[in-house]
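Just below is one structure, and these are the notes that go with it.
Numbering of residues begins at 1 and proceeds along the displayed sequence.
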Amino acid sequence: MALEVTNLEGNELADDYTRKSVPQSRWSDTWYVFKSNFLKLILINIFVLITFAPAVALMFFRSAYIQMLGNVYPFNSSILFPYYPEVTGLAERLTLSADILFYAALVVSGFIAAIGISGATYSIRKIINTHGEFSIKGFFHGIKLNYFNTLLPVFVFMIFLYATFLIGDRMDCVAAMGNGAAGEITAYVFIIIATVLVGIFMAWIFAVGTTYKVKFTQLFKNSFVLCIGSILKTVLMAGFSLIPVWLFMIGGIVRMISYVIFIFIGFSFIIVCWTAFTQSVFDAYINPTLKVAEEEKKAARTQEEVVADEKQRARELLAAGRSELIARPIMPIAAESVASGIGKTFTRKDLSQIAASREKLCADVAAYENEHKNDTVYVEYNKLFAEREKALSDETDKKGKKKKKISAENLLK
C-alpha cells in the first residue's frame, strides 16, 4: 500500500488494564469470551439501552403524531381522492413536516446515545483483550476516554441519515402529486449510497478513535488506510454485525424477536463483532509495520553497536550457563549431618542444642568446601568460564593483534 498506518503502536487507550497476548484464532477466542461473559454483556447492553431511550421515545411519538394527523385530516380510509382532489399529496407533506422535526431531534438524541456506546465499547474491548475483566467503574471510565471520539462519527452518520429520510419523504411527496420525480429518485439513490459509504468510514473512525489516542488528521488517515485495505472484509463484517438491525427491518413476528434481542444482547452483539474484527485488522497492520521498523533499525547500527550487542548477548548466555552447584564443592547430605528438630513442647536446653547443631553443620560445610576446592572438576569448570569472561573484555591479544570476534554463536565452542 502507498499509505502506512502510523502513530498507533504505544498509544492504545487502555490505562486501567493490560492487554494479553494476541490469540492464535481471533474468532474462536472471541466466541469463547462471548459465551463465558454473557451476563456481563447483557448488563452492558442494558446500560446502552438506557441511553437509547430518548431515541426510542422520539420514534414512538413520531408514529403517534402522524397517526393523530391521519385521524384529523380528511384523508383517512373512507375519504380518498378523487372525492377531495385538493388533499392529493397532503399525507406525504404532513409526514415530511413531521420528519423534519422528529428526525432533527433524533440527531440530537445521538449525543445521549454516544454516552452508552462509548462506555460499552471500552468495556467490551477490555473484556476481549483480558478475557473477562469488567467493572462498572471501568464502564464510566470508558465514557470519559471515548465520548468525544464516539460522538464525532455518530453525529456525522446521523446527519447523513437525516438527509436520507428527508429526501425520501420529498420523493414520496412529488410522486404522490403526479409530478415527475426522476430528480428526487436520483437524489434518493445517491444519498443512500453516500450514507452507506460514510457509515462504513465513520465505523472505522469510531474504531480507531476509541482504541488509540491519535491526532485528528492521523485519525482520518489511519481510518482511511484500514478501511480501504480491508474493504471487502469490512463490508461483510458490517453486514454480519448488524444482524439485529436486519431482523428489525423484516417486520412481523421477526420484528418482535428483534425487540427481545435488542433488549438483552443486541447492542453488545454489534459492538463485540465490530470490536473483534477491527482488533484483528489492527494486529495485522501494526505488527508487520513494527517488524519492518525493527529490521531497518537493526540494519542501521554501526559496527561498534553490533559488537556491543553481541557481547551483551554472550554475557547473558554465560551467566545463564554458569551454575553455583557445579562451580564449588557442596557437602553431601548424611544422616549425622542433619540438625535435630524439636517437638511440640521444648525447653531452652532444646533450643541451645538446635543452635549448636546448626553451627556444627555450617562448620562442616565450610570445611568440606575448603578441602575439595582444588579438585580437578571444580578447577577446570571455573577456569573455563574465567577464560570466556576475559575473552569478552579483551579486544587484543598479547601481540597487539585483534582477537577473533566473540559472539553468542561461538562463545561456547
Side-chain angles (χ1 to χ4, degrees), residues 22-42 44-49 52 55 113-114 116-118 120-129 131 146 150 153-154 156-158 160-161 164 192-211 222-286:
V22 178
Q24 295 296 324
S25 175
R26 169 63 62 181
W27 294 109
S28 62
D29 183 74
T30 301
W31 169 244
Y32 170 79
V33 172
F34 182 84
K35 67 181 181 180
S36 60
N37 297 275
F38 195 73
L39 294 179
K40 296 176 183 177
L41 295 176
I42 291 178
I44 292 173
N45 193 84
I46 293 174
F47 286 154
V48 179
L49 187 63
F52 270 76
I117 297 173
S118 59
T121 302
Y122 184 84
S123 297
I124 289 176
R125 188 176 297 281
K126 180 177 179 180
I127 290 175
I128 292 176
N129 288 337
H131 286 192
N146 293 334
T150 301
V154 168
V156 172
F157 175 72
M158 291 300 294
F160 275 81
L161 192 63
T164 301
I192 289 177
I193 295 174
T195 302
V196 171
L197 295 178
V198 169
I200 292 175
F201 184 56
M202 287 299 109
W204 270 109
I205 292 285
F206 165 73
V208 176
T210 56
T211 307
N222 289 327
S223 300
F224 179 78
V225 173
L226 293 168
C227 180
I228 297 300
S230 59
I231 185 62
L232 181 58
K233 292 181 180 179
T234 294
V235 173
L236 293 177
M237 280 309 305
F240 179 78
S241 301
L242 294 175
I243 285 178
V245 177
W246 309 139
L247 295 177
F248 176 81
M249 295 178 65
I250 292 176
I253 187 65
V254 178
R255 175 170 293 182
M256 299 303 297
I257 296 174
S258 71
Y259 286 148
V260 177
I261 293 175
F262 269 113
I263 290 174
F264 289 100
I265 201 67
F267 296 108
S268 292
F269 175 83
I270 294 173
I271 297 174
V272 165
C273 292
W274 188 248
T275 298
F277 165 67
T278 54
Q279 190 62 62
S280 67
V281 177
F282 292 147
D283 295 337
Y285 275 81
I286 295 174

Pairs of donor and acceptor atoms involving the side chains of residues 238-249, under 3.5 Å and at least two apart or interchain, shall be tabulated with distances.
{"residue": "S241", "atom": "OG", "partner": "M237", "partner atom": "O", "Å": "2.7"}
{"residue": "W246", "atom": "NE1", "partner": "G239", "partner atom": "O", "Å": "2.8"}

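- With rounding to the nearest 0.5 angstrom, the CD1 atom of I128 is 11.0 Å from the OG atom of S123.
- A distance-only check finds no donor-acceptor pair linking the side chain of T211 to the backbone of V208 [under 3.5 Å].
- The OH atom of Y32 lies 8.0 Å from the CG atom of N37; values are rounded to the nearest 0.5 Å.
- Expressed to the nearest 0.5 Å, how far CH2 of W204 lies from CG of N222 amounts to 10.5 Å.
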What side-chain donor-acceptor pairs closer than 3.5 Å can you find for residues 267-274, not counting sequence neighbours?
{"residue": "S268", "atom": "OG", "partner": "L41", "partner atom": "O", "Å": "2.7"}
{"residue": "S268", "atom": "OG", "partner": "N45", "partner atom": "N", "Å": "3.4"}
{"residue": "W274", "atom": "NE1", "partner": "A203", "partner atom": "O", "Å": "3.2"}

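- For the atom pair OG of S258 and CZ of F262, the computed distance is 6.5 Å after rounding to the nearest 0.5 Å.
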- Item | Pair T278-R125, side-chain contact (heavy atoms from CB on, under 4.5 Å): steps then yes or no | CA-CA 10 Å; T278 54; R125 188 176 297 281; 4.0 Å; yes

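- For G116 against V48, the heavy-atom pair with the smallest separation is O-CG2, 3.6 Å.
- Note: L39 CG to I265 CD1 = 9.0 Å, rounded to the nearest 0.5 Å.
- The CD1 atom of I231 sits 10.0 Å away from the CG atom of L236 when rounded to the nearest 0.5 Å.
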- Task: For the pair N129 and Q279, evaluate side-chain contact (heavy atoms from CB on, under 4.5 Å) and give the outcome as yes or no after the intermediate values.
- Result: CA-CA 9 Å; N129 288 337; Q279 190 62 62; 4.1 Å; yes

- Verdict with reasoning, T210 to T121, per side chain to side chain donor-acceptor pair (under 3.5 Å): CA-CA 8 Å; T210 56; T121 302; 5.4 Å; no

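- Here the shortest heavy-atom pairing between N146 and Y122 reads ND2-CB, 3.5 Å.
- By the ring-ring contact (aromatic ring centres under 6.0 Å, His included) test, F38 pairs with F34, sequence neighbours left out.
- Looking at every heavy atom in both residues, G199 comes nearest to F157 through CA-CD1, 3.6 Å.
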- Item | Stepwise side-chain contact (heavy atoms from CB on, under 4.5 Å) test for F277 and T234 | CA-CA 8 Å; F277 165 67; T234 294; 3.7 Å; yes

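- When all heavy atoms are compared, the tightest approach of S118 to T150 is CB-OG1, 3.4 Å.
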